[in-house]
Amino acid sequence: TAGTTKEAAIAELQEYEKKIKSGELDFAKAATARSDCGSFKAGGDLGPFGRGEMQKPFEDATFALNVGEMSGVVDTDSGVHLILRTA
């Protein structure tokens, strides 16, 4: 988000992570409400992608997850992210 420091963005994502993992908040609803990525329109869903199609830290974190598992905060050149692997 414009005007947000990286540290503030990380802290915010850590709060979202806790709420999503506890069941208090839905990943798709959080992404729709807060994501800066164009995927917010689809609840954060980027659709299928393979290796070599995303920034390496994002890709590595995604493929390290099991389907249905969510990452912690992932730092890339385009920002910080929570990733929910759906396929």
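Two residues are said to be in side-chain contact when any heavy atoms from C-beta on lie closer than 4.5 Å; Met54 and Thr62 fail this criterion.
Residues Thr4 and Ala9 approach most closely at CG2-N, 3.7 Å, considering heavy atoms. Nearest heavy atom pair, residue Ala31 against residue Phe40, reads O-CB, 3.4 Å.
Rounding to the nearest 0.5 angstrom, the gap separating the CD atom in Gln14 from the CG atom in Leu82 is 9.0 Å. Going from atom CD of Glu59 over to atom CD of Glu53 covers 8.0 Å, rounded to the nearest 0.5 Å. Rounding to the nearest 0.5 Å places CZ of Phe27 at 15.5 Å from NZ of Lys19. Atom CG of Leu46 sits about 11.0 Å away from atom CG of Leu84, to the nearest 0.5 Å. One distance of note links OG1 of Thr76 with CG of Asp60; it measures 12.0 Å at 0.5 Å rounding. One finds the NZ atom of Lys56 at 7.0 Å from the CZ atom of Arg51 (value rounded to the nearest 0.5 Å).
In this structure, Met70 is a member of the same hydrophobic cluster as Leu13, with clusters built from ILVMFWY side-chain heavy atoms closer than 4.5 Å. In the hydrophobic clustering of ILVMFWY residues, with side-chain heavy atoms under 4.5 Å counting as a link, Val80 and Leu25 come out together. Connection of Tyr16 to Ile10 is established within a shared hydrophobic cluster, with ILVMFWY side chains joined at heavy-atom distances below 4.5 Å, either directly or through further cluster members.
Using cut-offs of 30° and 60° for the angle between ring planes, the Phe49 and Phe63 rings count as perpendicular.
A salt bridge links Lys18 with Glu15: at least one charged nitrogen is closer than 4.0 Å to a carboxylate oxygen.
Residue pairs meeting the side chain to side chain donor-acceptor pair (under 3.5 Å) criterion with at least one member in residues 23-33: none, sequence neighbours excluded.
A side-chain donor-acceptor contact under 3.5 Å links Ser71 to the backbone of Ile83.
Residues forming a side chain to side chain contact (heavy atoms under 4.5 Å, CB included) with Glu69 (at least two apart in sequence, or on another chain): Leu65, Asn66.
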